[in-house]
Amino acid sequence: MTTGERIRQLRKEHSLTQEELGAKIGVQKAAIQKYEKGTVTNIKRDSLIKLAKILDTTPEYLLGWEETPENIEITDGSEFVNIPIIGRVAAGVTCLAENNITGYEPVMRKDISGSEQYAFLRVTGDSMYPVFMEGDLVLVRCQTSVDSGSYAVVTIDNEDGVVKKIVYGSDFIELQSINPMYPPRRFEGEEVLRIRVFGLVKEIKRKF
């Protein structure tokens, strides 16, 4: 079922004409006709939210999304969502820590899978140069474990989170930098409990 078909079905269930529905959200009848016919595919965010409220549903349902992570916002275009940019990763900080959000960055909806939480973290320092450069935004899928050899955001004790390549051994975890000026940090035995994985790095965004 398309977005237009969902709008039409719910409008009829609520015994509303196209003109009445348009008046409730502040658009002309012609706009509702276009929504329902599918000739307008990028419904503005404000209109989409108003439609969902009036039709007793959610924007996600109207767009046909089965699941949407809790900390992700809908943008003005239905193909995009806003991912929060977090100021820092510290012990106990999660993707849902709203007081740690410094802004939002849009990404394609198709690049966000399932109901996992996502966040952007800004890279500081040069330990991961030249792949990750200071100021880059890394898109992180929040999860507590990753495969060996993955790039991940991790915390060590009470230090802020950092981007590292994480390698697992039989009784150790090694955090590797790309910049050869920074030697690997290996944690063995009970020391591995000092490491906490915040999430898996999925993408780098760099602005010039």
So, does Thr102 use its side chain to make a donor-acceptor pair with the main chain of Ile85 at under 3.5 Å? yes
Counterpart residues, side chain to side chain contact (heavy atoms under 4.5 Å, CB included), relative to Lys53 (two or more places apart): none
Going only through I, L, V, M, F, W and Y residues with side-chain contacts under 4.5 Å, is there a path from Val153 to Val167? no
In the single-linkage hydrophobic clustering (I, L, V, M, F, W, Y; side-chain heavy atoms under 4.5 Å), do Val27 and Ile54 co-cluster? yes
Distance check, rounded to the nearest 0.5 Å: Leu51 atom CG versus Ile25 atom CD1? 4.0 Å
Value for CD (Gln18) from NZ (Lys29), rounded to nearest 0.5 Å, stands at 6.0 Å
Arg185 bridged to Glu159 by N-O distance under 4.0 Å: yes
Taking side chain to side chain contact (heavy atoms under 4.5 Å, CB included) as the test, write out the residues that go with Met108, two or more places apart. Glu79, Phe80, Lys110, Asp111
Any side-chain heavy-atom pair from Tyr118 and Val140 closer than 4.5 angstrom? no
Check whether Val123 and Ile166 end up in the same hydrophobic cluster, where Ile, Leu, Val, Met, Phe, Trp and Tyr are linked by side-chain heavy atoms less than 4.5 Å apart. no
Enclosure of Glu20 CD (heavy-atom neighbours >12, cutoff 6.0 Å): yes
Gap between atom CD of Gln117 and atom CD1 of Ile83 - 0.5 Å precision: 9.5 Å
Give a yes or no on whether the ring-centroid distance for Tyr104 and Phe120 is below 6.0 angstrom. no
Is Arg11 paired with Glu36 through a side-chain N to carboxylate O contact shorter than 4.0 Å? yes
Verify side-chain contact (heavy atoms from CB on, under 4.5 Å) between Val138 and Glu203, making sure each step is shown before the conclusion. CA-CA 6 Å; Val138 290; Glu203 177 183 307; over 6 Å; no
Glu13: which residues meet the side chain to side chain contact (heavy atoms under 4.5 Å, CB included) condition with it, sequence neighbours left out? Gln9, Leu10
Kindly check if the number of other-residue, nucleotide or ligand heavy atoms within 6.0 Å of OH (Tyr129) is above 12? no
Check: Gln28 side chain, Ala30 main-chain N or O, donor-acceptor pair, under 3.5 Å: no
Test side-chain contact (heavy atoms from CB on, under 4.5 Å) on Leu193 and Phe187 and set out the steps. CA-CA 9 Å; Leu193 299 177; Phe187 300 82; over 6 Å; no
Interatomic spacing from CG in Leu48 to OG1 in Thr3 - rounded to 0.5 Å: 8.0 Å
With a 3.5 Å cut-off and sequence neighbours excluded, list the donor-acceptor pairs that the side chains of residues 171-180 form with protein atoms.
from: Glu174; atom 1: OE1; to: Arg186; atom 2: NE; distance (Å): 3.0
from: Glu174; atom 1: OE1; to: Arg186; atom 2: NH2; distance (Å): 3.1
from: Glu174; atom 1: OE2; to: Gln176; atom 2: NE2; distance (Å): 2.8
from: Ser177; atom 1: OG; to: Lys164; atom 2: NZ; distance (Å): 2.6
from: Asn179; atom 1: OD1; to: Met181; atom 2: N; distance (Å): 3.0
from: Asn179; atom 1: ND2; to: Asp126; atom 2: O; distance (Å): 3.0

With sequence neighbours excluded, residues passing side chain to side chain contact (heavy atoms under 4.5 Å, CB included) with Glu5: Met1, Thr2, Arg8
With the 4.5 Å side-chain cut-off for hydrophobic clustering, are Leu200 and Met128 part of the same group? no
How many angstroms lie between NZ in Lys202 and CG in Leu139, if you round to the nearest 0.5 Å? 8.5 Å
Salt bridge (charged side-chain N to carboxylate O under 4.0 Å, His left out): pairs with one or both residues in residues 142-154, sequence neighbours excluded: none
If two hydrophobic side chains count as joined below 4.5 Å and joins carry through other members, does Tyr151 share a cluster with Val146? no
Nearest-0.5 Å distance that lies between atom NZ in Lys12 and atom CG in Leu21: 13.0 Å
Decide yes or no for Val197 and Ser145: does some side-chain heavy atom of the first lie under 4.5 Å from some side-chain heavy atom of the second? no
